[in-house]
Amino acid sequence: MSETAGGLRIRGLRVAFDGFVAVDGVDLDVAPGDIRFLIGPNGAGKTTLVDAVTGLVKATGSALFGEQELLGREVHRIARLGVGRTFQTAALFEELTVLQNLDIAAGAGRSPWTMLRRRGAVPDDVAYALETIGLADRRDVLAGTLAHGQKQWLEIGMLLVQNARLLLLDEPVAGMSHEEREATGELLGKVAGERTVVVIEHDMDFLRRFARTVTVLHAGKVLSEGTVAQVQADPKVQEVYLGHATGEPAAQGAEA
Amino acid sequence: MMLRIEGVFAGYGRSTVLHGVDVTVDDGTVTAVLGHNGAGKSTLLRAAIGLLRPKQGMVLFGGEDVTKLPPHVRVARGMAYVPQGQQCFPHLTTAENLQLVADGRRGGRQAMASALELFPALHGLMRRRAGLLSGGQRQQLAIARALITRPKLLLLDEPTEGIQPNVVAEIEQAVLSLAGVDGLSVLLVEQHLGFALRAAHRYHVLESGRVTSSGAGGTGAEPAVRAALTV
Amino acid sequence: MTVILGQLFTGVSIGAVLLLIALGLALTFGQMNVINMAHGEFIMAGAYTTYVLQQTITDAGLSLLVALPIAFAVAGAMGVLLEWALIRRLYTRPLDTLLVTWGVSLMLQQLARDIFGAPNVQTAAPDILTESTSLGADLSIANSRLFILGLVVLAVAALTAALKFTPLGRRIRAVVQNRDLAAVSGIPTGRVDRLTFFIGSGLAGVAGVALTLLGPIGPTMGTNIIIDAFLVVVVGGIGQLKGSVIVAFVLGMLQAMVEYLTTLSVAKVIVFIAIVAFLQWRPQGLFTLRTRSLA
Amino acid sequence: MKALTEMNPRLRAGLGFGLGAVVLFAAAPALLTDFRLSLLAKYLCFAIVAVGIGLAWGRGGLLTLGQGVFFGLGGYAMAMHLKLADAGEGNMPDFMELYGQLDELPAWWAPFANPAFALAATVLLPMLVAFGLGSLVFRRRVRGAYFAILSQALAAAMVILLIGQQGTTGGTNGLTDIEGFFGYDLDDPVNQRMVYFIIAGVLLALLALTRQLMHSRYGELLVAVRDSEERVRFLGYNPANVKLVAYVVAAGMAGLAGALFVPAVGIISPALIGIVPSIEFVIGVAVGGRAALLGPVLGAVAVAWAKTALSERFPGTWTYLQGAMFVLVVAFLPGGLASLWGLVKRRREATVPPTPPAEQPVLVKEAAA
Amino acid sequence: GSKTGENDSAGGVTADTSGDTVKVGLLNSLSGTMAISEVTVRDAIMLAVEEINAAGGVLGKKIAPVGEDGASDWPTFAEKAEKLIKVDRVAAVFGCWTSASRKAVKPVFEENKALLFYPVQYEGLEQSPYIFYTGATTNQQIVPGLDYLKAQGKKSVYLVGSDYVFPRTANKIIKAYAEANGLKVLGEDYAPLGSTEFGTIVNKVKASKAEAVFNTLNGDSNVAFFKEYKSAGLTAASMPVVSVSIAEEEVKSIGTQYLAGQLTAWNYYQTTSGAANDKFVKAYKAKFGADKPTSDPMEAAYVSVYLWKAMVEKAGSFDVEKVKGAADGVTFEAPEGLVTIDGATQHIHKTARIGKIGDDGLITEVWNSGGPVKPDPYLKGYTWATGLS
Ligand SMILES: Nc1ncnc2c1ncn2[C@@H]1O[C@H](COP(=O)(O)OP(=O)(O)OP(=O)(O)O)[C@@H](O)[C@H]1O
Ligand SMILES: Nc1ncnc2c1ncn2[C@@H]1O[C@H](COP(=O)(O)OP(=O)(O)OP(=O)(O)O)[C@@H](O)[C@H]1O
Ligand SMILES: NC(N)=O
Ligand SMILES: [Mg+2]
Ligand SMILES: [Mg+2]
């Protein structure tokens with residue numbers, strides 16, 4: 001595995017379900033090391049776009065990660081190319097402990113021989129991730145018994161140890177408190193650079209703090225793209241997404 | 001007193017999550033429950049609706065002890081609940097998800113129509129199966145479903161999670177107006193302090209299953225709440 | 001040519017029997033995820049109901065007609081009892097229902113043996129149902145088979161309508177898909193479970209009445225065909241009534257055709273291979289409902 | 001006892017194996033008559049099957065209702081060799097001449113005359129079949145109830161196939177009247193004991209192997225696949241392969257068990273590999289405790305022993321008791337007999353003044369099937 | 001049981017006859033698919049045991065029956081046989097129905113030098129030194145059945161049977177017979193034991209236009225077969241069926257509306273005349289109910305207990321070898337008529353009978369062999385049968 005971050009280059013991506021077109025010819029370039037935020041109304045096609053890139057749904061067009069075409073490959077092969085994702089509703093191994101969840105995430109490349117032996121010490125990257133996500137003291141607790149927010153943290157932790165170089169995060173801070181969002185955002189800042197990060201989020205406050213570039217999706221198409229300021233000022237974006245609330249933009253504004 | 005939770009201990013299996021929680025919701029008011037991840041907020045709502053039997057303590061609804069009643073009876077009496085995590089009946093269509101609740105209810109059809117008014121985005125999705133909706137669409141469906149029962153008390157667990165900003169604003173408006181006009185009482189769990197405090201008449205901060213501070217709502221309460229949350 | 005037509009009808013009628021047995025499973029297994037191995041013994045209960053009724057109502061035709069609703073009620077009641085005593089504790093671990101109901105089925109077989117004796121019992125069929133309708137030269141089809149075909153068509157129509165268009169149908173489906181959410185949506189989940197199980201088991205009772213026209217009535221009559229019926233539901237797509245309908249007839253037809261060319265054993269093995277091959281193509285059965293969840 | 005629970009797990013496991021060895025190799029042969037010891041040998045064969053099911057089902061969530069097939073493959077492979085050896089060089093087994101009217105040995109029988117081939121086949125043949133079926137089925141994501149019903153149908157199909165080929169497989173009779181075991185006369189009680197010791201030894205060895213697998217990283221991954229197959233895929237694993245390993249290992253164990261069953265009991269027949277025995281294997285595992293290492297062994301022996309004991313004492317009504325046992329244990333004791341120990345311990349703890357509950361370890365959620 | 005006693009297997013286990021009773025084993029399926037037939041056999045054995053005890057027992061000892069359930073599972077039969085021999089140390093075992101179960105227990109009896117009395121008609125081609133066969137072998141049932149068809153002028157048959165050793169072997173014999181006797185076999189089909197779907201097989205039978213059907217189906221399958229047969233418009237007049245495994249009990253459960261006029265081949269019917277049978281039928285109905293019919297396997301089982309008693313008394317000992325030694329020529333005035341043990345084959349001389357099923361469900365004899373037929377399990381006396389064994 002080379003350690004250089006690749007960029008993501010999507011061309012003409014199209015996903016249709018029984019006649020309903022959820023993603024309708026999207027072109028998207030994310031530069032290596034960028035933190036790209038993907039926003040847009042509910043049902044705009046954001047999650048579907050990530051699903052397509054990670055092999056969960058069939059799509060046409062092209063999605064290149066570095067030199068590699070992702071479309072048409074099996075899910076686990078895409079993951080092995082260094083593409084990691086989280087889910088809008090947490091998906092963990094509920095009957096395994098926090099530590100075991102992380103250890104598994106770290107291990108897709110392990111040799112059969114290693115697999116057949118028991119884990120000795122806690123691997124360094126796992127220990128580091130445990131600290132980072134603040135679950136070090138709960139490492140032997142079953143993941144199924146974590147609170148909603150804690151599960152999201154664990155998912156991010158799994159991406160870290162998975163050594164993914166393209167991170168696709170679907171609403172990673174949903175359900176988190178303000179402080180935890182801050183911490184998560186800072187974490188994202190740290191891991192970007194050697195990794196490319198795409199974040200789907202509705203929390204505009206969070207977006208303002210941590211986005212480098214923003215793409216707005218609407219009805220399966222790219223509606224707008226640019227810096228945070230450019231996008232926020234775009235009347236089309238205000239129309240379909242932000243709302244015309246004068247002053248602070250709706251709920252999230254209060255926390256700024 | 002719409003809802004009164006008294007000295008409730010509750011948890012899962014052998015572990016106890018709530019340690020003697022007292023929370024009340026007055027008629028026609030909004031009470032917010034705030035707290036960190038894992039504090040036990042969702043557990044509290046599950047105990048209130050009856051998905052979780054308290055190990056100790058009581059739940060009173062409209063002055064009556066409902067602690068031992070199953071959830072559907074509590075719903076029949078006027079409670080409604082929107083769980084966390086955009087839950088739906090995945091293989092039923094959007095319309096069926098709503099119709100299910102309207103079935104056999106007097107004025108069900110009309111209640112369905114007025115709940116839909118709040119979420120116009122759902123109109124175009126009525127024939128799609130709910131399991132195929134986007135996260136935000138599902139969340140809107142979940143709130144609409146709860147409103148169809150025309151509840152006296154609404155238990156909302158992070159209702160704005162995953163919803164686009166302009167719709168969040170609408171939900172906020174709706175909660176405020178329903179509480180104001182229709183006399184609906186609301187127990188609201190919310191991470192967005194702004195929304196929560198603007199809507200709430202009272203708030204409680206929950207920490208490790210215990211109420212550590214309470215007070216009157218309103219944006220003015222924010223510094224006190226922040227202080228309570230960071231300790 | 002007449003042979004081929006005869007075999008076609010044999011295929012259809014094998015399919016009808018399969019479907020009649022699978023119909024109850026389509027509810028209890030297809031909708032509720034309960035792998036009820038005692039379903040065969042509910043069929044047996046329906047058959048014995050017919051037998052018991054004939055002790056008092058000696059007119060074969062009348063007793064058969066009376067047996068249909070009564071067997072429905074008897075088997076349904078047994079189902080409700082099973083649901084109430086055991087199954088409701090097992091909704092969180094559906095595969096365990098298979099093991100528990102297996103134990104129940106052993107006990108019910110022994111019970112039948114103790115009540116009615118180990119040997120098979122006999123019921124009389126009305127003469128018209130033991131005869132056949134001639135369709136020209138050498139082709140004739142059994143009236144009993146036609147009767148069962150009619151019964152199946154009726155049952156399927158009624159069940160489809162009930163599931164698709166009535167509040168009860170919505171409730172049944174909702175409870176399986178998300179039990180907690182159903183409860184907090186005001187649905188009495190326990191009652192819906194029991195009612196669903198009542199109908200599903202009751203259909204087994206009806207199948208039992210029909211089977212008295214075709215085969216033995218004895219303590220082990222339920223065990224032979226039950227696996228085939230589960231296969232029908234699985235291959236049709238769990239939760240998909242129309243899938244079960246199509247698959248029952250296709251499997252019946254395949255069985256009849258292959259058996260004609262080879263032997264019963266070879267036909268069964270070939271049908272099995274066809275099923276594995278089919279699931280390669282459609283792993284979740286003929287009709288599937290996808291969701292976006294990862295579960 | 002408290003000390004035991006706090007002991008280093010490896011030491012505890014070592015002690016456990018020591019204890020098991022003493023029971024199987026010293027206590028049982030000393031206390032039991034030859035007849036009862038031969039029954040125990042049979043139960044231990046079932047226990048070997050159960051260890052594999054514990055891995056595939058208890059850990060991997062693969063409810064395999066067709067283990068009889070693999071048991072049968074191993075059993076037939078062994079029995080074919082022993083029948084050929086009994087018949088002697090160049091002769092055909094008795095039943096073939098009688099019912100098959102064959103003039104010469106069918107080609108697919110011939111290699112089993114070679115002891116090395118036959119021995120290897122007892123394990124490799126079931127593994128191969130499991131590999132073939134598993135690759136097809138797991139890759140296409142057939143799982144849960146689908147897999148359970150399909151594996152059950154496999155058992156039914158295999159039985160029909162065997163029964164239909166009476167001339168070459170012995171049909172419903174199966175292969176009976178096996179007299180020798182690699183030159184040892186099976187009528188001799190001393191040799192029967194030897195067979196028992198071999199079976200007990202194999203069981204202990206497989207338990208050690210399985211324990212290693214369960215505690216390895218692979219073991220954790222297997223549980224992960226059981227919980228959320230799709231999620232594992234997104235981490236870069238192919239869950240089909242993970243399941244396949246458990247399925248193939250379980251098949252190998254069942255094959256070995258079938259092979260050892262033949263000298264222990266002297267017969268292999270379709271009645272031993274169909275739907276009923278296959279379900280009984282699984283029920284044994286459920287009764288003992290599917291997720292624990294020793295649960296399946298205890299359960300398999302307990303269920304088989306109960307069947308013998310109950311049917312001897314109550315020949316007319318024993319099926320009630322057997323059915324009731326299945327129902328009660330599976331419905332009301334989901335962790336199986338192995339969880340009784342935990343329940344007792346908990347009860348005792350409950351009488352101790354409660355420590356602040358927040359600090360208590362969170363209880364393991366019931367193993368979902 | 002004591003350990004030394006149980007372990008003494010090399011020279012065979014000696015029966016425990018130390019007390020004032022002698023134990024015998026009853027090995028039948030009380031559960032599973034075969035219970036349907038085997039329970040009636042157990043009842044008949046119990047009747048004989050009670051009668052013998054009431055009359056003073058055997059050699060002054062009362063018979064104490066020990067029952068075990070074979071559970072329709074052949075390996076279980078083997079386990080239970082071993083238990084009866086080694087733990088209970090019974091003097092003889094009565095039971096088994098299917099040939100498969102007999103094949104499973106055969107080595108157990110041979111290894112332990114213990115006695116089994118097997119009461120069901122079977123396919124022949126077998127002779128174990130430790131088994132007495134009290135049901136018909138092929139030349140006492142199947143061959144007479146074929147002779148009868150031939151005498152009726154039938155030129156072609158269709159063979160339908162259950163898929164196991166008895167029907168397959170029987171059909172092999174039938175085909176050999178047919179070839180030598182100008183009878184055409186137009187088809188041969190098997191259904192697994194317990195199978196109840198006969199649509200296709202009946203279609204094939206019908207399409208073959210055979211003049212008769214020879215039916216070796218066992219158990220439940222018969223019910224489904226005959227219901228289908230009638231539905232297809234086939235009758236005893238147009239295409240008669242000769243069955244060798246349906247007796248009065250099965251007739252009762254299939255229903256006379258499906259069976260009237262069809263033929264069976266047996267050695268005994270409830271209607272067989274004679275004082276011995278009147279007494280047997282009366283005793284049986286008194287004990288088990290007036291609606292319970294007696295049948296050939298039940299009668300053979302009942303007879304086997306009396307034959308064993310006679311052998312023991314002739315030998316003056318329960319010792320297996322002595323009992324065997326005394327067997328030849330032992331006779332019994334059985335319900336089916338006089339039976340005699342043939343010591344060489346350990347089968348018995350039996351009268352062959354063809355019966356027709358009446359509207360009342362009873363079977364009436366339409367032909368008999370005129371006297372007991374000497375058992376010939378390997379069909380050595382038939383030239384067409386050379387090469388079969
Ligand atoms: N399998 C499917 N079949 C049919 N329609 C689907 C399917 N999957 C998604 N859709 C539809 O595609 C559209 C896009 O969904 P998607 O989940 O990508 O939205 P999103 O942008 O992630 O929204 P949110 O912000 O609410 O999560 C939605 O209207 C959804 O209902
Ligand atoms: N099903 C469960 N089984 C066992 N423990 C659970 C279960 N659900 C929650 N818990 C535990 O209960 C505690 C409180 O969880 P709860 O979901 O009530 O928190 P919360 O305050 O709603 O958090 P969040 O803001 O993340 O939603 C957590 O520590 C969690 O680990
Ligand atoms: N011998 C028989 N009928 O199996
Ligand atoms: Mg989304
Ligand atoms: Mg929560």
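To find a chain, count down the sequence lines: A is the first, B the second, and so on, and within it residues start at 1. These values consider heavy atoms only, across backbone and side chains, with no hydrogens, waters or symmetry-generated copies.
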Where [X] and [Y] come nearest, the two heavy atoms and their spacing:
X      : Y      : result
E/G199 : C/R145 : N-NH2, 4.4 Å
E/K230 : C/T130 : NZ-OG1, 2.8 Å
E/P192 : C/S265 : CG-OG, 4.4 Å
E/K206 : C/S140 : NZ-OG, 3.1 Å
E/S231 : C/S132 : O-CB, 2.8 Å
E/A207 : C/V3   : CB-CG2, 3.8 Å

Taking every heavy-atom pair that is under 4.5 Å apart, which of C/T263, C/L129, C/L213, C/V17 has the most such pairs with chain E?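 With the most close heavy-atom pairs to chain E, the winner is C/L213.
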
Measure distances from [X] to the heavy atoms of chain C and classify the residue's part below 4.5 Å as side chain, backbone, both or neither.
X      : answer
E/I201 : both
E/F226 : neither
E/K292 : neither
E/A232 : backbone

Chain E contact via [X] - which portion, at a heavy-atom distance below 4.5 Å:
X      : value
C/L106 : neither
C/T10  : side chain
C/A125 : both

I'd like to check [X] versus [Y] (side-chain heavy atoms, cut-off strictly below 4.5 Å). Are they in contact?
X      : Y      : answer
C/Q122 : E/V223 : no
E/Q257 : C/D127 : yes
E/D220 : C/N120 : yes
C/Q109 : E/S31  : no
E/T200 : C/Q7   : yes

Heavy-atom count around [X] [atom1] within 6.0 Å, excluding the residue itself: above 12?
X      : atom1 : value
E/K184 : NZ    : no
E/D291 : CG    : yes
C/L65  : CG    : yes
E/K356 : NZ    : no

Working to the nearest 0.5 Å, report the span between [atom1] of [X] and [atom2] of [Y].
X      : Y      : atom1 : atom2 : value
C/I4   : E/N203 : CD1   : CG    : 12.0 Å
C/L264 : E/F198 : CG    : CZ    : 7.5 Å
E/D189 : C/E259 : CG    : CD    : 7.0 Å

Taking E/K227, E/E228, E/E38 one by one, which has the highest count of heavy-atom pairs under 4.5 Å against chain C?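 Between E/K227, E/E228, E/E38, the count favours E/K227.
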
Name the member of E/S221, E/S37, E/G32 that forms the most heavy-atom pairs with chain C at distances under 4.5 Å.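 Top count of heavy-atom pairs under 4.5 Å with chain C: E/G32.
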
Determine, stepwise, if the pair E/S195 / C/K268 fulfils side chain to side chain donor-acceptor pair (under 3.5 Å). CA-CA 11 Å; E/S195 170; C/K268 289 214 166 231; 5.9 Å; no

